[in-house]
Amino acid sequence: MKTSLVKKTWRPFLAIMLFIGLWEVATRLFSIEEWLLPAPSDIVMEAKNVIPTFLPHLGSTVKLSVSGFLIGTTVGLGVATILHLMPKVRETFFPFIIISQNMPIIVLAPLLVIWFGFNALPKLIIITLACFFPIAVSALGGFTQTNRELVHYMKMMGASKAQLFWKLELPHAVPSIFSGLKIAGTYSVMAAVVSEWLGAQKGIGVFMTLAASSYRTSRVFVAIIVAMVISLAFYGLILLLERFFIRWQQKGEKT
Amino acid sequence: MKTSLVKKTWRPFLAIMLFIGLWEVATRLFSIEEWLLPAPSDIVMEAKNVIPTFLPHLGSTVKLSVSGFLIGTTVGLGVATILHLMPKVRETFFPFIIISQNMPIIVLAPLLVIWFGFNALPKLIIITLACFFPIAVSALGGFTQTNRELVHYMKMMGASKAQLFWKLELPHAVPSIFSGLKIAGTYSVMAAVVSEWLGAQKGIGVFMTLAASSYRTSRVFVAIIVAMVISLAFYGLILLLERFFIRWQQKGEKT
Amino acid sequence: GQSNENKGNNEDNNADLTPVTFALDWTPNTNHTGIYVAKEKGYFEEQGLDVEILLPGEVGVNQLLAAERADFGISYQEGLTQARSEGLPLVSIAAVLQHNTAGYASPVEKGITSPKDFEGKKFGAYGSDLEKAMMKTLMENDNADVEEVDYITTGDSDFFVAVERDVDFSLVFYGWTGIEAELRGVDLNMVYLADFSDELDYYTPIIATSEEMISTDPELVKAFTHAAVKGYEFAVEHPEDAAQILIDHVPDLDPDLVKRSQDWISPRYQDDADQFGTQEQERWQKFADFLLEYEIIDEPVDIEQAFTNEFLPKK
Amino acid sequence: MLELRNVSKSFGQKQVLQEISLHVANGEFVSLIGPSGSGKSTLFSLIGGLLAPDAGDIYLNGEEITNKRGFISYMPQQASLFPWRTVIKNVLLGQELQGKKDHKRAEAMLERAGLGDVIHAYPHELSGGMKQRVAFIRALLSPQSLMLLDEPFSALDEFTRTDMQKWLLSIWEDYEQSILFITHSIDEALFLSDKIIILSVNPAGIKEVIKVPFNRPRDGDLLLSEEFLQWKKKIIDVIQV
Amino acid sequence: MLELRNVSKSFGQKQVLQEISLHVANGEFVSLIGPSGSGKSTLFSLIGGLLAPDAGDIYLNGEEITNKRGFISYMPQQASLFPWRTVIKNVLLGQELQGKKDHKRAEAMLERAGLGDVIHAYPHELSGGMKQRVAFIRALLSPQSLMLLDEPFSALDEFTRTDMQKWLLSIWEDYEQSILFITHSIDEALFLSDKIIILSVNPAGIKEVIKVPFNRPRDGDLLLSEEFLQWKKKIIDVIQV
Ligand SMILES: Nc1ncnc2c1ncn2[C@@H]1O[C@H](COP(=O)(O)OP(=O)(O)OP(=O)(O)O)[C@@H](O)[C@H]1O
Ligand SMILES: Nc1ncnc2c1ncn2[C@@H]1O[C@H](COP(=O)(O)OP(=O)(O)OP(=O)(O)O)[C@@H](O)[C@H]1O
Ligand SMILES: [Mg+2]
Ligand SMILES: [Mg+2]
């Protein structure tokens, strides 16, 4: 287990190290100003200073993105299920779902804050909006592409719509759903950061704007890199879950 | 053809009409101020006044989002193909792809502007970044879930990696790829609007921020609604393409 | 403003205080120092207020005030005038800076020292009509042709990025961006709006509230204004202590920038006025006329209702 | 128990079934024989309620079940196992749909069909014949009283096949189910059925219905008897007309 | 032409093939018979280069092809048609992989196999037997000189089957390909092959190799001859040992 983890991760690790190295050299070579693009070493230095004040921001954003992602997943799967099982509802409401992806934050923000106040709710709504869509689309795609022979069998056996869904269409869509989860998971952190611009006391987004407005670029980068790391961690977690859920695909597949 | 189009669209059309009706009634009933949430009738009035000045903005954004979407699709499919055919490259570079989705615009913007100036390129980069990811993830998902019996046949017949890809994996992934295209297509308009905040002479994004900064909410809504309509049109187009490409799935499927 | 209702405060020491929310216009900066001082020094508490400071981010402060999601906030005359013309019931109750500190900044090597020099140069624009109107006025006053200026819309890019690439000059507030340039050792030429046109010497920033607030609880408005003014007056007299208070409250800001900015800005709060916060009707009127003339607002604004000095402490 | 009255079905222009009428009595074992592509599987889809006939009605125990589902147990021509379920879980699927699972019996049956080793394997680890046996057991385990089997033994070698045939007979005799059975093997049809229905082609109609006179229980020797060969010749003659 | 030397293969703990050695000469027609699940399809995967043997080597025309692909034409046990391709396009796939398409010949062959009507149909519109015939023609059209056929006729009724067998023989005689043929029907093996290889089970080894003495060309009468029945009995005996 341990060795296989090392085996799986040394490549990307090396690549990232190389990338950071190149970046460091480039900033020094072309003497790029720190306020424009800080060198990795500057960022590390800054990170050291800033960690104690940064931690609460971090915690707040992680909480926000995890809850948003979970809500988004639930909503996305729920929406996909409803739209799949009720074709008329799908026809009728699909345009609204697309519309929901085209609400710019500058419009949504005042409305949400005015309706729901300065608390977590408007932020969760924004993250949910960002997360649910890829999941819903991928899940719907998976549901409709179910193997027709298996559908034939189920229908011949008199499976009810619910049985068809739970026993065949849903498990069949699992790989597609994971495609959607990966996309949504990746977005959730960024969506949380953006949602914090709606007015928050804490969070990576707040930290980032404060740093940006006082022109502390290294600090901005500390925030970004942390956001990236969280995002990668999310992605990794979803990958692990995927392995677990569709392990039947891997088994005996070592030709 | 014509009647079937009417048949397919009357439901969402009715729903949207109803929604607009409700909105109108609600704004009047609760006498919501126009600067907060304008009634549909206000928006229509404003639209009439503003159309001549608005058209060039519209054209610019459509051009931007279409080009960005096309580039994003190409990049997304290219990336997915490379990552699929070269597992080591995938392992090594996947983290960078996730990272690319976590670059907030406030950081990216100055860098892009410094490197590429105030022209179309940085905007295209931003739209591409937004579009390529869902396509790449969905396509990769589709490639790896190819029916194992068909893979078995192709390999037994000595199909080369390229043949396996072009004749089996790619066509098999078409439905998944369309899931990705739908997500990306929906995002492309919003991404174009956001990218215009990086400095543009024209565009819905420019129009929208200017309207917002002078508190002309009706005008902001005109812009949003236009963005939504474009987005829906995009989605519809992709849906038509999908019908065309996977028509073998529909044929004789009228049980 | 000793309203006695308890709005469920959980901290025991301020159980009888009236909760008040105050929205900033942007991230905290030296324009806001007085508010932080009043909070830190207990001036608000003296007036029976428990003030919470909100960072509304992308949510416009004027909308928040108009929708009564915040009680008071930092606004600016150009925004408030436009907002009023669109029907947002806002009132300015104090000017934070007596004179407009906005101006066209450019690195010295560009040689831009007066509006005349704008000709043939590239202006990093936000893209609004107001901006064009201001430049036009300024250049006409200096007998220059506004058509000769090259507009480059820079969107969200900050000043330093813009001048690094393609752009020669841009509109900034000296008290923050200019000070940052000093810290970086970038020498700037400034062409202040107020120096070249009376009508553009508008008040920015200001402290604003809603008409609703004023009519339902004028005492509260008065209490708030008094405490805030006291806070700014402290900042005028003790720039260093005031800066430290801001830094303590918002440790994520750059302390050097805050300190130098505070030094620069403290004498400018009150400036030539007889008291902190006073606003002159003439200046409001001139600017409103200017906006109307350039069709930036469609409806004339009743200046009488847009601002008031009524809540300032009487000296 | 099952009755089809003048059932017809076309796909687009192509008529596949023309005025098919047939009857399966309670506890009867009926085989369907007909050329490849004649419409046997289509007939099953009609009985199962998956397709609606263009004309004609279908009755089960006197009730009309045209285009209604859930009355039959079914083994499809393609094994159609769920790739994410192990063998045992696949086999229990038919029961799951009706609500009561009988794990013990399923295991015993798998054992009996020579699949004891692969109870927890996934379908892609099975050979073609093993998959078919799994699908067969899945159908056997479903509780409905009418069973439609579409070529259950086509992928089996002759010995496994005879073995499975005998086993099927023994189960059928115990449980008194009715069976409608598609096969390509005349031997198989003769050995198993009470009645053989021979289909013509293009479009498929009923060419002849042959009552099989052999007594039950039947054993392997029957296959080698002179009488059996006579009947086989007769059927071949009917088909070749 | 094809030679296997001591080929063994296990899946995990389970040994499937043990020291299989066999030989197919140029232009020879060899059948493989063995119980369901014995390892016949696995053997094909080894020859096709899809699996690597745990031990042993495979040679084609003297060259080692162990774990190398692209030397054989293949018809899988499951039809494995591409659902998004029409029948004609599916049939041409084998040729596409080698670069030269022969549309005319493909159409003629489909016609000959009774699939003339469905040339432009999609696989899901075909019956089970029709799919199998399509897969069969796809293999026939591939240009390689060794053909591996995995139960090509199992889903066909007896008449279509005999018809296809005769057709296969005629094509094979014209083109001088070598054929390795998996079947469950002893009749079929005897009628078609030069040599029958009988596999034992658990793990599969070669039980016996039987040379079939009948002259070519063979016709339908052979099936009813006394000599044929004798050989059939002999093979049954071998298998049942
Ligand atoms: N969905 C469909 N669309 C169009 N034609 C179809 C469809 N399904 C079946 N057919 C046609 O109906 C005919 C009968 O098919 P069916 O599957 O019932 O044959 P069958 O008797 O089961 O043959 P086999 O023994 O080969 O399985 C065939 O000619 C087939 O092409
Ligand atoms: N991928 C795999 N993983 C594990 N076991 C496998 C795998 N593929 C095949 N087997 C096992 O190998 C044995 C032989 O399988 P194979 O498909 O070669 O049989 P076969 O002789 O073709 O049988 P049939 O006549 O039923 O098709 C079976 O017991 C099967 O369970
Ligand atoms: Mg069939
Ligand atoms: Mg096999």
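Chain A is the first sequence line, chain B the second, and so forth, proteins listed ahead of strands; every chain is numbered from 1.
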Quiz item: B/Gln163 versus chain E, heavy atoms under 4.5 Å apart: side chain, backbone, both or neither?
Solution: side chain

Practice problem: Heavy-atom pairs under 4.5 Å with chain E are the metric here; pick the option from B/Leu168, B/Asn147, B/Val174 that has the most. | Solution: B/Leu168

Quiz item: Considering only heavy atoms from C-beta outward, does the side chain of E/Phe181 approach that of E/Leu168 to under 4.5 Å?
Solution: yes

Quiz item: Do the non-hydrogen side-chain atoms of B/Val226 and B/Ile204 ever get within less than 4.5 Å of each other?
Solution: yes

Exercise. Salt-bridge test for B/Lys182 and B/Glu242: reply yes if a basic N is under 4.0 Å from a carboxylate O, no otherwise.
Key: yes

Practice problem: May I ask you to name which of E/Ala139, E/Ser45, E/Ser142, E/Gly94 has the most heavy-atom pairs under 4.5 Å with chain B? | Solution: E/Ser45

Self-check item: Taking every non-hydrogen atom, the tightest pair across E/Gln18 and E/Pro203
Solution: OE1-CG, 3.4 Å

Quiz item: If you measure only the distance, is there a donor-acceptor pair under 3.5 Å linking the side chains of E/Thr183 and E/Glu188?
Solution: yes

Practice problem: Give a yes or no on this: more than 12 heavy atoms of other residues, nucleotides or ligands lie within 6.0 Å of atom NZ of E/Lys89. | Solution: no

Quiz prompt | Per-residue contacts, residues 107-117 of chain E versus chain B, heavy atoms under 4.5 Å | solution = none

Exercise. Heavy-atom distances under 4.5 Å only: say whether E/Thr86 touches chain B with side chain, backbone, both or neither.
Key: neither

Quiz item: So does B/Lys123 pair up with B/Glu196, basic N to acidic O under 4.0 Å?
Solution: no

Quiz item: If you check every heavy atom in residues 61-82 of chain E against those of chain B, which residues fall under 4.5 Å?
Solution: E/Arg69, E/Gly70, E/Ile72, E/Ser73, E/Tyr74, E/Pro76, E/Gln78, E/Ser80, E/Leu81, E/Phe82

Quiz item: Do B/Phe245 and B/Ile177 touch side chain to side chain, with heavy atoms closer than 4.5 Å?
Solution: no

Quiz prompt | E/Thr160-E/Asp157 side chain donor-acceptor pair, cut-off 3.5 Å | solution = yes

Self-check item: More than 12 heavy atoms from other groups under 6.0 Å of CZ on B/Phe96
Solution: yes

Exercise. Would you mind reporting whether B/Ile183 and B/Tyr187 have side-chain heavy atoms less than 4.5 Å apart?
Key: yes

